Amino acid sequence: MSERYDPKKIEEKWQGYWQERGIFEVKEDPSIPKYYCLEMFPYPSGNIHMGHVRTYAIGDVIARYKRMKGFNVLHPMGWDAFGMPAENAAIEHGVHPANWTDRNIASMKNQIKGLGFSYDWKREINTSAPDYYRWNQWIFIKMFKKGLAYKRRSSVNWCGSCETVLANEQVNDGRCWRCETEVIQKELEQWFFKITDYAEELLRDCDQLTGWPEKVLTMQKNWIGKSEGVEIDFQIKGSEKKLRIFTTRQDTLYGVTFMSLAPEHPIVSELVKETPCEKEVMNFIERAKRQGILLRTSAEIEKEGIFTGTYVINPLNGDEVPIWVANFVLMEYGTGAVMAVPAHDQRDFEFAKKYGLPIRVVIVQDNPPLSPFNNGGPRGIIGKGGEGGFEGAYEGEGIMVDSGPFTGLRTEEGKKRIASFIEKEGFGEKKVNYRLRDWGISRQRYWGTPIPILYCDRCGVVPVPENELPVILPMDVEITGKGGSPLARIESFLRASCPKCKGAARRETDTMDTFVDSSWYFIAYCFDKGNIDFKSAISYWMPVNQYIGGIEHAVLHLLYARFFTKVMRDLGLIKIDEPFTDLLTQGMVIKDGAKMSKSKGNVVDPNYLVETYGADTARLFSLFAAPPEKDLEWSDQGVEGAYRFLGKLWGLVSKYKERIDDLDGGIEFKELEGKGKSLYRKIHQTIKKVTNDIERDFHFNTALASLMELVNVMNSFEPESDTDLRVFRNAIETTLILLSPFAPHISEELWHALGHGESIALTKWPSFDEEAIKEDEVLVVIQVCGKLRGKIYLPANSDDRLIKESALKERKIAELIRGKEIKKIIVVKNKLVNIVI
RNA sequence: GCCGGCGUGGUGAAACAGGUAGACGCACCGGACUCAAAAUCCGGCGGGGGCAACCCCAUGUCGGUUCGACUCCGACCGCCGGCACCA
């Protein structure tokens, strides 16, 4: 072997070796325990970035480690290949999205292969391949038949730049998640998946996901946004009609002083029809609609409203209260109508103040601070608007007052009693509402899965028969980025015949949201390629044991994937409830204090790293600089450090190779003494440390630190006997095995250089000998009153009496405590003694 | 505003179960090798004081519990992330 470490000479060689021998290809085998390790698959943008390297390096350590631990490890890779950038490339460079995507996949695959990850490439997936997206269509049809996919006209989020609709999850702060264009509302016919049917289960099963970060679960729970309350009908005065509202604060029903309707509420125009208010109210509504949802849902905007001239009757106390239209009420949530309780809701309070509406206190704090809301404070209707010294609404819990038969109850109890009362009297019913909306999946784009639906003038909406799948995305298309869906302009695609009546039919031209593709790809990996069966393979491999990816998918992808898993379970395709047992959300890669991005010009190109230092160094640095869940601060010098470490290890093997070539590294601890014994001890301490650090939350940084320590120890080790050399060989072999999940190429190379014939990736992970780990002598710290005052070496497991005596005998300690009364001596075995005076 | 996370040397970070604060790496300083430099190797490296043995201070701030607190409790400050007229 050469004296110098030259990664270029070895890395490609071993990548080829692994590939040719199919070392990482797996088959289901019920006699071996399985482990499914998955990293979020990439969008084929053309180049990998450091974020990819980090995620895949983390996943690869886990996969290689579990393999060496004896698991049958599924570790696949694929391409999230549909999506907008391909169309943008088509518009800008005139290249077909398919060609652009395939080219990108080819070059990214090369880059990823150059990093030596242990993927089973036989299972590679490309979501833009008809073989893949036909299953999107197949599942869609199954969902359609169950009523889980449906079409409706509604107000949807529209990104003018992407010229397409977006799901709620894909709008951040009123902007498109991809291009940050401000989203507007548009009325369109759209396909939806009925994720709201699963709202309760998606929420409830969060409790099962004990291997997920709390942060992600909180975000999912917030997004689902469950709230429990009642729907109540209020009789409209002088009309047969009733107005239905939703509230979670039925305990404040006696404090209702007006009603607020969303401007879009259909009843508004009826109420004001042919009344003196009509013109004014309709003008207000027009204005509110023009404000747009973005502005109206931002908390800063002033609350505005208008009186409709009509009244409703409070079913509990018979009060007549005015109906207003208010810009802050949303049609999409609850019933689009709200009962207003200004004393106990800040928004209603502000509204009442502005328009001089009465405020009526019905809850008082039972442990009152200084405020108008104490027991001796104002009661009943206390003035209008700002009168009465109110500074704000009291939204907390307390005791109900002036609430008829419910007066004196605690809010908690009052809520229950009033809810039951309302149901008993037929005024309304208990109701659970969710913030979660159905998932709008129609996209007016080309590069996605065609929605397999036909429109027949006679038969209406007809799904494409399963045996006619896939509906192929036509290749002869002109992509301009203008004028709606490109598919709508392709006559040959549009024209079809109705499977029912054989008459002329028209195809749906929208494609599916690309999040559909990624909602079940982890299941697709379980099939042997081209051999899709929804039975044995899946039940063996699923669920994913360890899923790894960025926090940015905390709601989007991870919620959709959970939803799909449950739908596929209910379709009888799989048997699990949740797709991902453990989830690791790794931190961002940071440079100069900001996330690496092209626009900031602070990207580090992984290609350059691999060229200059090799894949092992790139991997090692990503894993050593920070624990996986934290952000990783980029450091050029840090990379140098990782490279130096590998060089040191290489030099060590090259220096000793001849002397240890024919030796047997197998050693019995009992035969050892002196330096051989202490090196052996260090070996086993390192095995323990590395194993524990991997098992405990994948803290690879500290695992690597201990491997560096071991190498440092070896570096200063001077063997004096054959036994010493045998221990030395053992130390090197162990280091190589422990390092191999992190830096597989150099480990493999040196492993073979030492005469081994089989891949190190297939070696068994070493176990450690507890006996060998124990030190003969331990350092005992001496404290006086908790302050460090000395250190002594004592035989391990010395008894308390010996520790005390030795400590007191120490010259320095004896001086410190001379003439003082010893109150107490605390001994922590093998660690510390604290003398309290 | 609400929820969650995080604050440790010059720096990335360790400290797993309340028991030596700063492992390991980087940077820096000194030395060896060299005509010289790079690479490599050896040594030092939280701050302050002392000739020295040693002493004092130090994990965002202030307080508490404890023989002993980076770790537990309370209040506050700062940074990051999520949610936010959801009735």
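Reminder, nothing fancy here: chain letters follow the sequence lines and each chain counts from 1. This structure is a prediction, so every number in the text was calculated from the model and none was measured.
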Do A:D251 and A:T411 pair up side chain to side chain, a donor and an acceptor below 3.5 Å, judged on atom types alone? no
Would you please classify the geometry between the A:Y333 ring and the A:F246 ring as parallel, tilted or perpendicular, with 30° and 60° separating the classes? perpendicular
Across every strand shown, the nucleotide meeting Watson-Crick or G-U wobble geometry with B:rU40 (both distances under 3.5 Å) is B:rA32
Is it the case that A:D693 and A:T702 place a side-chain donor and acceptor less than 3.5 Å from each other? yes
Any luck finding a side-chain donor-acceptor pair between A:E231 and A:Q250 under 3.5 Å? no
Check every strand shown and say whether A:G334 touches a base, only sugar-phosphate, or nothing at a heavy-atom separation below 4.0 Å. nothing
To the nearest angstrom, how far is A:L739 atom CG from B:rG25 atom P? 14 Å
Separation of the P atoms in B:rU71 and B:rU61, to the nearest angstrom: 11 Å
On the side chain of A:K823, is there an atom forming a donor-acceptor pair with the base of B:rC67 - under 3.5 Å, no angle test? no
Please report, rounded to the nearest Å, how far the P atom of B:rC6 is from the CD1 atom of A:I551. 13 Å
For atom CG of A:D6 and atom P of B:rA39, their distance in whole Å: 18 Å
I'd like to check the salt bridge (charged side-chain N to carboxylate O under 4.0 Å, His left out) partners of A:K831; sequence neighbours left out, ordered by chain and number. none
A:Q637 side chain, from C-beta outward: closest of B:rG4, B:rA87, B:rA27: B:rA27
Taking any heavy-atom pair under 4.0 Å as a contact, classify A:R789: base, sugar-phosphate, or nothing. sugar-phosphate
Looking at residues at least two apart in the chain, or sitting in another chain, which of them share a side-chain hydrogen bond (donor to acceptor under 3.5 Å, both in side chains) with A:E429? A:R244
Could you check whether A:N834 and A:K824, counting side-chain N and O atoms only, form a donor-acceptor pair closer than 3.5 Å? no
B:rG25: syn or anti, with syn meaning chi within 90° of zero? anti
May I have the distance from A:Y333 (atom OH) to B:rC86 (atom C1'), rounded to whole angstrom? 5 Å
Mate of B:rC72 where both pairing distances stay under 3.5 Å, Watson-Crick or G-U: B:rG64
Between protein and nucleotides 7-22 of chain B, map the contacts as a letter string: B base, S sugar-phosphate only, - none, heavy atoms under 4.0 Å, written 5' to 3'. -----BSSSB--BB--
Atom NZ of A:K787 and atom P of B:rC55 are separated, to the nearest Å, by 10 Å
Applying a 4.0 Å non-hydrogen cut-off, can you work out what A:N712 is touching in the nucleic acid: base, sugar-phosphate, or nothing? sugar-phosphate
Please determine, for B:rG1, whether a Watson-Crick or G-U wobble partner exists with both distances under 3.5 Å, and give it or none. B:rC83
